[in-house]
Amino acid sequence: RAGEEPEMFSRLGEGGWKVVRLDSAMANHDAAMTRLKQFWIRQVRSAYGAMDLTKRFGVSHVGHSTLSTRVWTVGWLFAVVFGVVGGGLVGPWWVGLVVGVLIAGLLPAQMMRVAWRAKGRWDIRWGTALGYGVLMMLAKWGQLWGQWQYLRDYKKGDVARAFDYKVVGSVAC
């Protein structure tokens, strides 16, 4: 499935245990993703796990992620369409177009915001930060797909599925 670590921490917390984070690296995580398809599947998988955690434990930081995904996909599309239609109803057709373009511009502005924050957080070049910002916002669409898959499976009573995004030879990692 997905979200194994947050799930374990949630169950430990419900059992009265406390998780302590050490201020030193204990391991390196190599995602080893070299293809966009692997990145996409990882986003679907992560969102699937986040929905499971939100549904079962109400984990707040994961709940914020699921909400952010919906805002920047469905909410953004709805706002663009509403802006075009609404703007066109209150004035000439071009008013709706201008309003729609302004609202649509929120997505690239968010990409820049994510890039700016990444640049400040890590010592990376601007090109890398911009690529990160673009990928993080495009990832929202894969995450939306993962949320939809989870809700579909939940409704059917079947939420335990595996997602393999890395394959070595014929063995999934």
Side-chain angles (χ1 to χ4, degrees), residues 1-7 10 31 33 35-122 124-165:
R1 197 162 45 203
E4 299 87 1
E5 295 90 353
E7 178 189 18
S10 297
M33 290 183 285
R35 306 273 190 277
L36 191 55
K37 182 178 179 180
Q38 294 169 316
F39 177 75
W40 178 266
I41 294 170
R42 171 84 181 224
Q43 299 312 308
V44 172
R45 177 184 184 271
S46 295
Y48 192 97
M51 283 297 292
D52 187 42
L53 287 172
T54 302
K55 193 79 166 164
R56 293 188 322 160
F57 299 105
V59 180
S60 62
H61 70 280
V62 178
H64 176 268
S65 173
T66 58
L67 178 61
S68 172
T69 294
R70 293 175 191 172
V71 165
W72 285 107
T73 53
V74 177
W76 176 77
L77 275 177
F78 178 77
V80 170
V81 171
F82 185 76
V84 170
V85 172
L89 290 175
V90 298
W93 66 268
W94 58 267
V95 171
L97 184 63
V98 169
V99 171
V101 167
L102 288 173
I103 294 171
L106 292 174
L107 186 63
Q110 178 67 358
M111 290 175 180
M112 288 298 296
R113 179 178 170 266
V114 171
W116 182 271
R117 293 179 74 190
K119 178 80 172 110
R121 191 177 315 136
W122 306 305
I124 57 176
R125 292 180 286 160
W126 266 110
T128 304
L130 289 172
Y132 177 79
V134 169
L135 282 174
M136 289 303 98
M137 295 312 293
L138 291 177
K140 300 291 185 188
W141 296 94
Q143 294 165 10
L144 182 68
W145 184 248
Q147 289 181 19
W148 180 84
Q149 285 185 341
Y150 177 83
L151 293 172
R152 179 198 63 197
D153 290 353
Y154 183 81
K155 187 175 181 180
K156 291 189 315 188
D158 177 28
V159 292
R161 297 188 338 171
F163 289 88
D164 299 322
Y165 61 94

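Since the structure is predicted, the reported quantities are computational estimates derived from the model, not experimental observations.
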TODO: Report the relative orientation of the aromatic rings in Tyr132 and Trp122; use parallel for angles under 30°, tilted for 30 to 60°, perpendicular for over 60°.
DONE: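 Ring orientation of Tyr132 relative to Trp122: perpendicular.
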TODO: Test side chain to side chain contact (heavy atoms under 4.5 Å, CB included) on Leu97 and Trp93 and set out the steps.
DONE: CA-CA 7 Å; Leu97 184 63; Trp93 66 268; 3.9 Å; yes
Side-chain heavy atoms of [X] within contact of [Y], under 4.5 Å:
X	Y	value
Val99	Val84	no
Leu107	Met111	yes
Val80	Leu106	no

[X] and [Y]: which non-hydrogen atoms are nearest, and at how many Å?
X	Y	result
Ala115	Ala129	CB-O, 3.2 Å
Pro108	Ala104	CD-O, 3.2 Å
Asp52	Tyr150	OD1-OH, 3.1 Å
Thr66	Ala50	CG2-CB, 3.9 Å

Task: Step-by-step side chain to side chain contact (heavy atoms under 4.5 Å, CB included) determination, Trp116 to Trp126 - done: CA-CA 8 Å; Trp116 182 271; Trp126 266 110; 3.3 Å; yes
Open item on the list: For Tyr154, does the six-membered ring have the charged nitrogen or CZ of Lys55 within the cation-pi criterion, i.e. under 6.0 angstrom from the centroid and within 45° of the normal?
Closed with: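 Output yes; distance and angle both within limits.
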How long is the span from the [atom1] atom in [X] to the [atom2] atom in [Y], to the nearest 0.5 Å?
X	Y	atom1	atom2	value
Arg42	Gln143	CZ	CD	11.0 Å
Leu77	Ile103	CG	CD1	11.5 Å
Asp153	Asp158	CG	CG	5.5 Å
Ser46	Met51	OG	CE	13.5 Å
Gln147	Thr69	CD	OG1	5.0 Å
Trp72	Leu138	CH2	CG	13.0 Å

Would you indicate whether [X], at its atom [atom1], is surrounded by more than 12 heavy atoms from other residues, nucleotides or ligands within a distance under 6.0 Å?
X	atom1	result
Arg125	CZ	no
Met136	CE	yes
Lys155	NZ	no

Open item on the list: Strictly distance-based, threshold 3.5 Å: is any side-chain N or O of Gln43 a donor or acceptor partner for the main-chain N or O of Trp40?
Closed with: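 No.
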Task: Residue pair Leu135, Leu36: steps toward the side chain to side chain contact (heavy atoms under 4.5 Å, CB included) verdict - done: CA-CA 10 Å; Leu135 282 174; Leu36 191 55; 4.2 Å; yes
